[in-house]
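Let me begin by presenting the structure, written as structure tokens, before commenting on it.
One-based numbering, in listed order, for ligands and for the atoms of each. Values in this document were obtained by computation on a predicted structure and should not be read as measured data.
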Amino acid sequence: MTQVLEVSEMSVSFPRRSGLLGKSQPLRVVENVSFEVGKGEVVALVGESGSGKSTIARAVLRLLPIDNGRITLADVDITTLSQRALRPHRRNAQLVFQDPYSSLDPSMTAIEIVEEPLRGFAMSREERLRSAQELLASVGLAGVEGRYPYEFSGGQRQRIAIARALAPRPALIICDEPVSALDLSTQNQIISLLDSLRQSLGVSYLFISHDLSVVRRIADRVLVMYAGEIVEEGPTERVFRDPVHPYTLALLSAVPAVVGDRSKHAKRIVLEGDLPVPGAPPPGCRFHTRCPFAMDVCRSEVPAWTEFDHGVSGRCHLHTSGSTLGFSGLTQFAEDAMASTDRDRGQTSI
Ligand code: SF4
């Protein structure tokens, strides 16, 4: 598969002021992440708020500096390009935000909003306006060119944002929680629209979401983030059916509808405690402070990245420390543990 985005061992830090002299200390919020997005592929980044998903999105667009790693966008290594040299390549990756109202200029009409990204192209104004009109029609908004953002519903505003993102014909659209501000039926419409645009235009998406039921509908592959690192990765259906990381299992248990027949038996796993403070993860496995399966080795040694026969990869000592608990037994183990505790509450805290 042709890759439109390749991210290799990328780390991102934020400066933090501390101490009496206010010295700046870097805070490592994303650690050595590597992944690809293929042409026409939808790759989802999932995880709790604060896990580093949106930081990755901004870093791959070079809106944030990175500490190390490499970013290749549409076959061009953009890692160290100057802002000036980067300009012609920016069109290849566009961003759709969660809140379309705040991301649309309220003083511009719908057609002006969609036409604006085309102004750097060798096109006459008439050509740009015609293209913007066609884009609005392609997202189901024909005949509304002269209206302002406040005159549209939330779902319609998100359609305008998608049309604007499509305007420069990008290879990749990064969707940062694109439907989480919308009601359920509007969510479904926007997901269907994104999917049909993917099929008709061959555009790829990096789809950031905390909602696994949405992810299951649209994503080919899923990357699970915890405390700034990727802990599991694989084809969506396989990760959902046979996760290899207890954190993924906990996320899935919060959305019973997505785990199929298993949900009839599984109870919800409620994660106790918070994500580690950004930049200060615990030693060993970052999840050990919240994991019900934590062993001694988890508190001191970082688990190795391991590929499994069913095409899913992840990092967890359960599979490499000689534990009898392999990935196929993980869910059963969790279900047994849940069944033996707290039956009456219908959920188990871990
Ligand atoms: Fe849990 Fe240990 Fe696996 Fe981390 S490595 S997820 S603490 S079992």
Side-chain angles (χ1 to χ4, degrees), residues 11 28-35 44-53 210 212 215 221-236 238-255 258-259 262 266-342 347-350:
S11 299
R28 181 64 67 82
V29 291
V30 169
E31 185 83 42
N32 278 336
V33 297
S34 299
F35 61 93
L45 261 180
V46 305
E48 289 166 279
S49 178
S51 59
K53 308 185 299 293
H210 66 276
L212 294 185
V215 165
R221 282 192 300 123
V222 62
L223 312 169
V224 182
M225 293 280 305
Y226 184 78
E229 69 176 12
I230 296 172
V231 297
E232 178 156 2
E233 182 276 302
T236 306
R238 293 183 191 176
V239 168
F240 278 46
R241 186 163 297 278
D242 284 308
V244 300
H245 199 283
Y247 179 60
T248 312
L249 187 65
L251 292 180
L252 290 168
S253 80
V255 196
V258 305
V259 293
R262 194 178 286 147
K267 293 183 181 179
R268 177 160 183 203
I269 302 170
V270 178
L271 284 176
E272 290 192 335
D274 298 319
L275 276 169
V277 175
C285 170
R286 295 180 177 207
F287 188 52
H288 84 251
T289 53
R290 303 169 81 191
C291 179
F293 313 116
M295 304 169 283
D296 285 345
V297 66
C298 306
R299 297 180 182 91
S300 57
E301 289 182 27
V302 176
W305 187 257
T306 310
E307 294 178 14
F308 297 87
D309 290 344
H310 65 316
V312 176
S313 305
R315 53 174 82 248
C316 175
H317 285 305
L318 285 175
H319 313 292
T320 53
S321 64
S323 164
T324 54
L325 187 63
F327 74 83
S328 59
L330 185 59
T331 303
Q332 189 59 50
F333 184 99
E335 287 174 5
D336 290 347
M338 286 184 282
S340 65
T341 54
D342 224 358
Q347 62 184 35
T348 294
S349 297
I350 64 174

Applying side chain to side chain contact (heavy atoms under 4.5 Å, CB included) to His319 and Val244, what does each step give before you reach the verdict? CA-CA 8 Å; His319 313 292; Val244 300; 3.8 Å; yes
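- For atom 4 (Fe) of ligand 1, the nearby protein N/O/S atoms, meaning those under 2.8 Å, are Cys285 SG.
- For the pair Phe287 and Val231, the minimum side-chain heavy-atom distance is 4.5 Å or more.
- A heavy-atom distance below 4.5 Å is not found between the side chains of Asn32 and Glu229.
- A donor-acceptor contact shorter than 3.5 Å is absent between the side chain of Lys53 and the backbone of Met225.
- Residues forming a side-chain contact (heavy atoms from CB on, under 4.5 Å) with Pro281 (at least two apart in sequence, or on another chain): Arg286.
- At least one side-chain heavy atom of Glu232 sits less than 4.5 Å from a side-chain heavy atom of Val239.
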